[in-house]
Structures are given as C-alpha cells and as structure tokens.
Amino acid sequence: MSYLPYALAVWIFAVGLYGVVRSRNLVHLVVCLSVAQSSTYVLLLSIGYVNRGTAPIFADVPKGTRAVDPVVQALTLTDVVVSVTVAALLLALAIQAQRHADTTDPDELSEMHG
Amino acid sequence: MIPLQAAIIGLVAAGALAVVLTRDLVRLTMASSLYALLLVVLFLVFQAPDVALSELVVGAVGFPLVIVVAVVLERGK
Amino acid sequence: MVLVPLVVAIPLVAAAALTAMGQFLGRRVDDLTGIAAAVATTVVSTMLLLRSLDHDLVYWFGGWRPRHGIALGIAFDVEPLSAGIAALAGALMTASFVFAWRYFDEVGTLFHVLMLVFLAAMNGFALSGDLFNMFVFFELMSVCAFALVGYAIEQRAPLQGAINFAVTNTVGALLLLFGIALVYGRTGALNLAQIGRALDGRPPDGLLVVAFALLLTGFLVKAGAVPFHFWLSDAYAAAPIPVCVVLSGVMSDLGLHAVARIYWPSFSGVFAADAGSLRAILVGSGVLTALVGGTMAFFQRDLKRLLAFVTIGHVGIFLAGIGLLTARALAGTTLYVLADGFVKGGLFLAVGILLRRARDGDELRLRGQGGVAPMAGVAFLLGGLGLAGLPPFGTFPGSALIIRSAGDVGYGWLPPLLAAASILTAGTVLRAGARIFLGLGDTDDPSLSHEPPAAEEEPAHVPGRVSPPLLFGPALALMVVGLGLAFTPGLAGRATQWAQRFEDRPAHTAELLRGVAPRPAGTPAFHPGAAPYVYGAISTVGAVGFAFFGLYRRRLPALLRRVPGRLTAGPAAQLKALHSGVVGDYVAWLTFGAAALGGLLALTVR
Amino acid sequence: MSRGVRSGLFLVSAAGLTALLLWAVADLPDFGHYRGPYGKVLNSVAVGERHTTNVVAAVVFDYRGVDTMGEEFILFASVMGVALLLRNPHRERRQVPVRIQSDAVRLAGIGFAAGLLVLGLYVVAHGYLTPGGGFQGGVVLASAFVLVYLAGDYHAYRSMSPTPAIDVLGATGAGGYTVVGIVSLLLGSAFLHNFGPLGTTGKLASGGSIPFLNVASALEVSAAFVLLFSEFLDELVVRPKARSE
C-alpha cells in the first residue's frame with residue numbers, strides 16, 4: 001500500500017505520454033502534456049509526505065510539530081508555473097497552426113522531413 | 001496510508017485516463033478542469049496547501065484559456 | 001566573488017528594463033542595450049574564468065552557507081571549464097546582436113528581451129551547482145528558445161520546428177524532473193556535491209540506475225543525441241539566423257556539459273565500479289550520433305538544415321569525448337566545444353549573409369551565386385577546415401586530447417570513427433561552399449532532400465543594404481576567434497589540470513560543503529605526439545576529398561558508382577524517412593531512447 | 001512512420017520505461033516515512049531565522065530564492081514569447097461589436113471583480129504567514145480583470161489593461177526581484193541575501209526582504225496573466241479567422 005502514490009505518478013506519466021504520442025489535435029496534445037507533467041507533482045509531494053505530519057506552516061501549531069517536507073512543495077510550485085507557461089506557448093503555436101497551415105493535427109504539420 | 005488517501009489516488013488515476021481519452025474539445029476542457037480539481041484535493045490530502053492553492057488558481061484560469069483557444073480553432077475550420 | 005551572480009543578473013535586468021522602457025525610448029536602443037548587456041556579461045564570464053584558475057568560486061545565494069555539510073541554499077560553482085562555456089554563450093550572443101542590427105524592428109523589443117533572458121538562462125545552467133536549479137534554468141532556456149524558433153510564424157516550417165522543439169524538450173524536462181525527484185527521495189539533497197556524499201558507500205540500486213538514466217535522457221534531449229535528436233534539425237532549420245548561432249554554437253553543448261556537471265560531483269563515486277560499462281554506453285551513443293548527424297548532413301541542400309545536422313554530428317563527437325570519463329577527454333571536449341561553437345556560429349552567420357544578399361539558402365539554387373558575398377565564402381572555407389580539425393588551428397588541441405585519451409583507456413578504435421564523422425561534416429560544408437562560391441559541381445543532385453521554399457528570412461522592410469562591417473564583421477570575428485583559440489599558450493595542459501580538479505570528487509566536495517581550498521596542483525604538460533597530427537591531416541584531406549565526391553559523385557565511372565550506390569540507397573532512404581517531421585514519432589523515439597538507456601544501464605551496472 | 005508503427009514502437013518502449021520507473025520508485029522510502037535532511041533542517045530553523053510562519057514561502061523566497069527568480073522569468077519570457085508568436089504584423093483589425101449585457105450582469109460582474117481583487121490582495125499579503133503568496137494571489141488578481149471582460153465588454157477590459165502599461169508592471173515585477181538581489185550585493189552581502197528587519201513572527205511586516213520579493217512576484221504574475229489573457233482574447237475577439245493566403 002505504501003507504494004501506491006508512487007505508482008500513481010508512474011501511471012499518470014505513462015497515460016499522459018500515451019496521449020501525446022497518439023494525439024490528433026494540438027489542444028488535446030497540450031492537455032495531455034500537462035497531465036504528464038502533473039505526474040511529477042504527485043511524485044514530489046508523495047516523496048516529501050510524512051505520516052501524521054502537518055503542512056509546513058507553523059502559524060497556529062505548537063513548536064516541534066511534525067511536518068511534511070517543505071522543499072518538495074517549493075519545487076512543485078515552480079513546476080506548476082513551468083507547466084502553465086509551456087502550455088501557453090504551445091496553445092499560441094496551435095492557433096497559428098490553424099491560421100497558417102489550416103490544421104491542428106500534428107501529423108499534418110510536417111513541412112520539412114528527410 | 002489511510003482510506004481517504006487511497007480513494008483520492010484512485011480518482012486521480014481514473015481522471016488522468018479520462019482526460020487523455022477524451023477527444024472532443026469541449027468535453028476535454030471539462031475533463032481537464034475536473035482533473036485539476038482532483039489534484040487540488042490530492043495535494044490537500046498530502047498536506048500541501050500552497051501547491052493546492054496554486055493548482056486551483058491555475059485550473060480556474062487555465063480552464064477558460066483552453067476554452068478560448070478551442071473556440072478560436074473550431075471557428076477557423 | 002561579487003561578480004558571480006552578475007552573469008545572470010545583468011542580462012535579466014537589461015531585459016526587464018528594455019521591456020519597461022523600450023517603448024518610450026528612441027529606435028536602436030534595443031540593439032544597443034542588447035549588445036551592451038551581452039558584452040558586459042561576456043566580460044564578467046571571462047573574468048570569472050580568470051579568477052577561478054586555481055580554485056572554484058563557490059557562491060551561495062542569499063548567503064546560505066552549508067551547515068554541518070547540509071546545503072540550505074543554492075550555490076553557483078564556477079570553475080574554468082564552465083566559465084569558458086558561459087563566456088562562449090556571451091560572445092555568440094554579442095555576435096548575434098551585432099548581426100541582427102535592425103533585423104527585428106518589426107517586433108519591437110521582444111526579440112532582444114527574449115535573447116537576453118536566454119543568455120541569463122544559459123549562464124545559470126552552465127554554472128549552477130544545484131540539481132533543481134539546473135532544471136529551472138533548463139526550462140528558462142527552453143521557454144525563450146521555443147518562442148524564438150517560431151519567430152517566422154507565418155511559414156509552416158517554423159511552426160513545425162517550434163512545436164516539435166517544445167513538445168520533445170518538455171517531455172525531456174519531465175523525465176529530468178522525474179530523475180531529480182528520485183534522487184531527492186534517496187538523498188534528501190539537491191546540491192550536487194551533497195548528493196555525491198550522500199550516495200557514497202552503497203552500491204547502486206534500481207532507483208539510482210533509473211534516476212541517472214532519466215537525468216541523462218533529459219540532458220541528451222537538449223543536446224540532440226541520437227535518438228533524441230529529431231527535433232533539433234527541424235528547429236534549427238526554421239529558426240532565424242541570429243537564434244541559430246546561439247542554439248547551435250552553445251545550447252546543444254550545454255546539454256552535454258551538464259552530463260559532466262552532474263556525473264563527476266554526484267555519481268562518479270557510486271558508479272565507480274561501473275565506469276567501464278557507462279563509458280561503453282556513452283561513447284557508443286556518441287559515435288552513433290556523430291555518424292547519423294554527418295550522414296544526414298550530406299543529404300541536405302537547405303543550408304540551415306545542413307548545419308543543423310552538422311551540429312548533431314559534432315554533438316556526437318562531444319558525447320563520445322565526455323563519455324570517455326577521463327580528465328584529459330573532458331578537457332579536450334571542452335576546448336573542442338569552445339572552438340567549434342565559434343566556428344559553427346560563424347558558419348550560420350555566413351548563411352545569414354547569403355540569405356540577406358542573395359535572398360536564398362539553398363545550396364543547389366545558389367550554385368555559382370556566391371559572388372554577391374565573397375567574404376561569406378571565406379567564412380565557409382575557414383569553417384570547413386575548422387570543423388575538420390586542421391592542425392594546429394581551432395579544434396585541433398581539443399581533438400588531440402580526446403585522441404590521446406581514447407588511447408589511454410583502450411579505445412583505440414574511437415579516433416578513426418571520430419575522424420570519419422568530421423570528414424562527413426566538414427566535407428559537406430566544404431562541398432556547399434565550393435558549389436556556391438566557386439560554382440563547382442553539378443547543378444542538380446536528386447539524392448539531396450527536398451527543395452526548401454524560397455527564403456523569406458530577411459524582413460522586407462529593412463531599408464537598403466546593411467553596412468558591410470555589420471554584415472561581415474561578426475562572422476569573420478567568430479571564425480578568427482574560433483580558429484585562433486588554439487594558440488593560447490599551454491592551453492591543453494592547463495585545461496587538463498582544470499578537468500582533473502573538476503573530476504576530483506573528494507576535494508570538490510570538501511571545497512563546496514566545507515570551504516576547504518584544494519591543494520594547488522602543477523600543470524601537466526601536454527605533448528600531443530604524432531597521432532593527433534596524423535588524424536588531423538587525414539580528416540582535412542579526407543574532408544576535401546569528400547567535398548569533391550559530393551560535387552562530382554555522378555561523374556564517377558559507372559562501376560564505382562552503381563554498386564555502392566545500390567548498396568547504400570536503401571539504408572539512406574530509410575534513415576531519411578525516420579526524420580519524418582512528425583512530433584508523435586519523435587516522442588515515441590524519445591520514449592524508446594529513455595527505455596533503452598535505462599535498460600542498458602540496468603543490465604550492465606552491478 | 002505510419003501511425004501503426006509509431007504506436008507499436010511507443011507501446012513497447014513505454015512498457016519498458018514504465019517497468020523501469022516502477023522498479024525505481026520501489027526503492028524510495030516507504031510512503032510517509034521520508035527522512036531527508038534538507039526539509040527537516042529547514043522545518044526546524046526557518047521560523048526562527050526568518051520569522052515567517054509559512055516555511056514553504058521561506059524556501060521559495062529566501063533559501064531557494066534564485067529558483068523563484070528563474071521561475072518569474074520563465075513566466076516573463078513565456079508572455080513575451082506568446083506576444084511574439086501571436087503578433088499581428090499586418091494590422092488586421094475588424095470592428096469589435098460592443099456587447100451589451102444587462103445591467104444586472106454588469107453589476108454582479110463588477111461586484112465579483114471587486115471581491116476577487118480584495119481576495120487576491122489578501123492572498124498575496126499573507127503568503128509568508130499562511131498558504132498563498134505572490135504567485136497564487138497574482139493569478140487571482142489577474143482573474144479579476146478577466147471577470148470585467150466576461151461581465152462587461154471588450155473595450156472596458158482593454159481600457160483597463162493597456163498592454164504597454166501592463167508590460168511596464170510586469171517588467172517592474174520581474175526586474176524588481178532581480179534588483180532586490182542586487183541591493184543585497186550593494187549592501188555588501190550575497191545576492192538575494194535577506195536584509196531589513198525580520199519583525200515579529202506571524203505579523204505582516206515580518207521576514208526582512210521577503211515581502212519585497214513577494215510583492216515583486218505578485219506584480220509580475222498578475223501582469224503576466226493579464227497579458228496572456230489579452231493576447232488570447234485578441235485572437236478571439238479582434239482578429240478575423242483565417243487570413244486568405
């Protein structure tokens with residue numbers, strides 16, 4: 001049972017990547033990519049979790065209370081921002097693909113090859 | 001591991017699959033915002049309120065953003 | 001010491017100031033700010049290089065020095081090899097800004113702002129001593145580069161290039177972060193030296209093997225090693241020339257440098273017993289990358305795509321060099337990277353000159369048209385010879401160190417293969433130069449890949465011609481620096497000394513976590529001996545020969561032409577077909593590469 | 001590659017990669033039994049050293065403040081990148097119809113926007129005491145602007161968020177973060193070294209220079225999201241659909 005959260009991270013990663021590879025629409029691809037990225041949030045936060053620990057916020061708790069790891073949370077915060085920015089850039093590209101290449105299917109965007 | 005954690009883990013796992021398998025853009029936006037909400041709950045259960053709040057605001061903002069783009073693209077067809 | 005944060009802070013503040021005030025100031029302020037900030041950053045990086053000759057400059061941001069060996073904050077770890085690469089980034093950025101004078105008026109300050117942030121990201125990535133901080137700068141590089149590649153958004157090629165670049169590199173970053181999380185879960189540390197100390201004393205297990213494979217995958221995606229390289233040729237072929245200079249000249253190499261940056265302080269202890277198999281894997285994929293890149297370059301007629309594959313070919317050479325896992329080879333690779341970065345930058349600028357003067361970037365259509373810009377022809381010739389490693393210029397000291405190091409570890413078969421790879425890349429560049437500037441060769445060659453669309457590189461509204469010094473100066477300056485770098489006295493020996501310091505894990509850990517200065521080391525003298533000269537001569541002569549083969553292949557006697565032609569046609573067509581331009585394929589290959597790398601490591605590491 | 005071949009290659013590789021990942025995570029400490037030193041040390045020292053009750057905020061803005069500077073610029077660069085990619089060189093504009101909403105909708109929208117504004121400011125201000133901070137609050141602030149668009153009309157939204165002014169705000173935020181770091185340098189300490197009085201733990205005016213960084217990132221984040229929205233809404237409202245090539 002103690003393995004379950006880690007397995008969840010691997011599952012999300014695999015599922016998201018499957019979506020990216022099979023996608024026929026850039027918007028769908030971007031959403032799948034952010035799903036895959038959410039696997040790292042889950043992994044980081046499960047690593048830092050401590051049984052019966054509180055959040056690392058010591059506003060109203062007695063000193064010395066057991067708390068979960070604050071570092072993984074800081075890392076995850078950065079990761080969330082990264083995910084949003086990449087999604088925004090890719091959506092901008094998707095809009096331009098529709099406008100200038102008349103398609104949002106990534107399989108049809110191959111101008112250069114070989 | 002407590003039952004609450006196991007339950008939300010199961011829901012997130014199912015949510016991820018549902019998002020990836022959804023092809024219709026309008027449903028995709030719904031599925032992905034539902035998935036974001038599930039993640040928010042998971043993060044709260046994992047004692048990460050800062051991250052949960054982040055995911056919440058991003059989900060609330062990302063949702064309309066995706067809709068806007070999806071509408072633009074659909075209209076272009 | 002106070003200089004260390006400036007390599008990141010100067011370009012960032014300049015970018016922010018340009019965004020805030022650029023719209024209220026006169027024209028040309030963006031160009032001038034860009035050049036000034038890039039020059040200042042280059043000067044600072046060079047000063048850091050000179051100040052770190054004897055010991056690392058360890059800079060703890062926020063003043064958070066480690067307590068009881070536990071790093072609380074983030075450190076930049078400046079040593080000469082990394083500072084040298086940072087200086088290369090600054091110098092290439094300066095050349096790009098000069099070349100791009102009035103080039104991007106259409107987009108206001110956006111181009112300059114993104115380039116400056118990109119420069120800060122490369123510097124931070126090169127110098128950071130913290131695993132997650134490297135990830136942050138990795139992503140910062142990515143975000144800037146995605147947008148810059150897509151600059152000419154109204155054409156299909158930049159769309160494809162930017163999308164493929166963004167998706168594959170994001171998946172790579174994802175694997176990288178997965179690996180970082182695994183390492184953090186094991187060690188509870190993000191500082192590279194502290195990770196190394198925490199891993200000491202226990203044999204590697206599944207977690208470490210997979211984590212290391214994931215970190216490698218992430219960095220090799222950025223570098224463009226086979227089979228993670230597919231995005232690179234699409235992106236570099238579509239990016240504007242000033243962006244290509246930086247991407248090809250330094251960003252790819254930063255990915256490889258990062259492999260050395262994490263291996264030596266963090267993993268060289270725990271994998272010490274497995275160094276042999278790790279070496280075989282890294283050198284093997286390096287050789288594969290070098291040959292694939294060189295072969296694909298040969299089949300291109302679009303000059304930018306040709307140079308993109310040249311970049312991949314040289315990434316392979318560097319991966320093999322770093323993969324030898326010796327101080328000598330690391331020193332050699334870094335020197336090679338520096339000289340090669342200048343030379344490739346100069347070559348891209350030469351193509352840019354052609355795009356501006358002849359308004360075309362296609363080798364066959366440009367046949368004999370080089371008269372509009374003879375100086376670009378000079379750059380092509382020098383660049384081709386530089387890539388070939390003509391002794392004693394440019395890349396020669398670096399390749400000499402790699403060749404000798406290969407012999408030291410019993411990889412005597414490596415130098416001929418690396419020479420073959422540089423014959424392919426340098427010969428192809430010389431072929432293109434001879435066809436364009438001397439009008440040699442056939443007017444058509446059906447085996448080359450499809451015809452690129454007519455160039456729209458130059459914004460139509462740029463009034464008149466740019467003054468020649470601005471146009472030719474950057475290309476020639478880069479060539480001269482790249483080729484002349486080799487004449488720094490005692491460079492090979494000094495670099496070997498720095499690399500030894502880089503690889504001395506116990507001393508490095510003590511220096512980082514406890515502030516113990518390393519013992520001063522003598523500079524080993526390096527005498528290349530005869531072998532490197534022989535290889536240098538072979539690859540130069542071979543490159544010239546290969547260039548003529550490329551030009552006049554179809555006039556060879558039928559016997560010489562038909563049989564090899566038939567034998568190679570099938571595999572060549574298949575190799576070309578793999579570069580399909582479809583992002584789904586690329587991600588599938590990326591997955592394959594990650595699994596293969598992890599599987600190979602799992603099978604060979606005990 | 002055909003899609004079939006691609007799927008085959010991917011499925012085989014992904015099966016291998018998944019197996020490797022499952023093998024790797026099995027060697028992690030059992031869930032809930034993490035003992036890593038970094039977070040533990042910070043949990044025990046951060047409140048005393050930084051007078052902030054939210055240790056995550058102390059990590060984000062102080063111990064690992066450089067990461068956050070990078071993060072601010074990731075956001076900054078992506079906004080610039082989106083502006084570059086969605087730029088409109090041919091100045092295609094079409095008349096934007098003035099959308100007439102009922103007064104009740106408008107009133108409700110403006111009421112909500114005001115509420116969001118207050119909420120956003122609160123989340124920003126208390127970030128180093130309770131969950132929240134510059135990023136989360138910044139996004140909430142930006143969404144208050146978007147609500148004006150949803151409830152009112154495009155012109156009102158654009159007049160409230162003129163791009164040049166928002167550009168200046170965003171650049172001030174991102175640049176300001178770096179400038180705080182440089183101020184530390186000028187004071188003779190390390191880049192981003194916390195300066196200023198630490199104040200009383202649990203009070204708003206605590207944490208030394210953390211509040212400055214917090215406000216700087218709130219500025220940058222809210223400006224970034226307003227700009228992102230403007231860029232994408234421009235696509236929706238102002239631009240015609242496909243250009244005739």
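Just so we're on the same page: letters track the sequence lines, and every chain starts at 1.
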A.B. asks: Heavy-atom distance under 4.5 Å to chain A: side chain of D:A57, backbone, both or neither?
C.D. replies: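 Answer is neither: D:A57 stays 4.5 Å or more from chain A.
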A.B. asks: So which of A:A67, A:P56, A:A74 has the biggest tally of heavy-atom pairs under 4.5 Å with chain D?
C.D. replies: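 Most heavy-atom pairs within the cutoff with chain D belong to A:P56.
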A.B. asks: Keeping the roles fixed (side chain from D:N43, backbone from A:D69), state whether a donor-acceptor pair exists under 3.5 Å.
C.D. replies: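 Checking the backbone N and O of A:D69 against the side chain of D:N43, no donor-acceptor pair under 3.5 Å is found.
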A.B. asks: Which atoms of D:L42 come close to chain A, meaning under 4.5 Å heavy atom to heavy atom: side chain ones, backbone ones, both, or neither?
C.D. replies: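 Just the side chain, heavy atoms under 4.5 Å.
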A.B. asks: Which residues from residues 76-86 of chain A are near chain D, with near meaning under 4.5 Å between non-hydrogen atoms?
C.D. replies: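 Those residues of residues 76-86 of chain A which have a heavy atom under 4.5 Å from chain D are A:L77, A:T78, A:V81, A:V82, A:V84, A:T85.
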A.B. asks: Which bit of A:L75 comes within less than 4.5 Å of chain D, counting heavy atoms only: side chain, backbone, both or neither?
C.D. replies: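 Side chain of A:L75 only, per the 4.5 Å heavy-atom cut-off to chain D.
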A.B. asks: Any idea which of D:R64, D:R6, D:H33 has the most non-hydrogen atom pairs under 4.5 angstrom with chain A?
C.D. replies: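 Among D:R64, D:R6, D:H33, the one with the most close pairs to chain A is D:R6.
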A.B. asks: Tell me, do D:Y34 and A:V72 make a side-chain contact under 4.5 Å, heavy atoms counted?
C.D. replies: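 Not in contact.
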A.B. asks: Chain D heavy atoms under 4.5 Å from A:V10: which part of the residue, side chain, backbone, both or neither?
C.D. replies: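 For A:V10, the contact with chain D is made by the side chain alone.
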A.B. asks: Look at D:T18, D:V82, D:V60, D:L84 and state which one has the largest set of heavy-atom pairs under 4.5 Å with chain A.
C.D. replies: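 Sorted descending by pairs with chain A, the first entry is D:V82.
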A.B. asks: For each of D:V139, D:L22, D:L21, tally heavy-atom pairs with chain A at distances under 4.5 Å, and name the one with the top tally.
C.D. replies: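 Among the listed options, the one with the most contacts to chain A is D:L22.
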A.B. asks: So which pairs with a foot in residues 6-19 of chain A pass side-chain hydrogen bond (donor to acceptor under 3.5 Å, both in side chains), sequence neighbours left out?
C.D. replies: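 The answer is none; no pair qualifies.
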A.B. asks: Would the distance check show the side chain of D:R3 and the main-chain N or O of A:R22 forming a donor-acceptor pair, the cut-off being under 3.5 Å?
C.D. replies: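 Side chain of D:R3 to backbone of A:R22, a donor-acceptor pair under 3.5 Å: yes, one is there.
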A.B. asks: Taking CZ in A:F58 as the centre, count heavy atoms belonging to other residues, nucleotides or ligands within less than 6.0 Å. Is the count above 12?
C.D. replies: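 For A:F58, atom CZ is crowded (more than 12 foreign heavy atoms under 6.0 Å).
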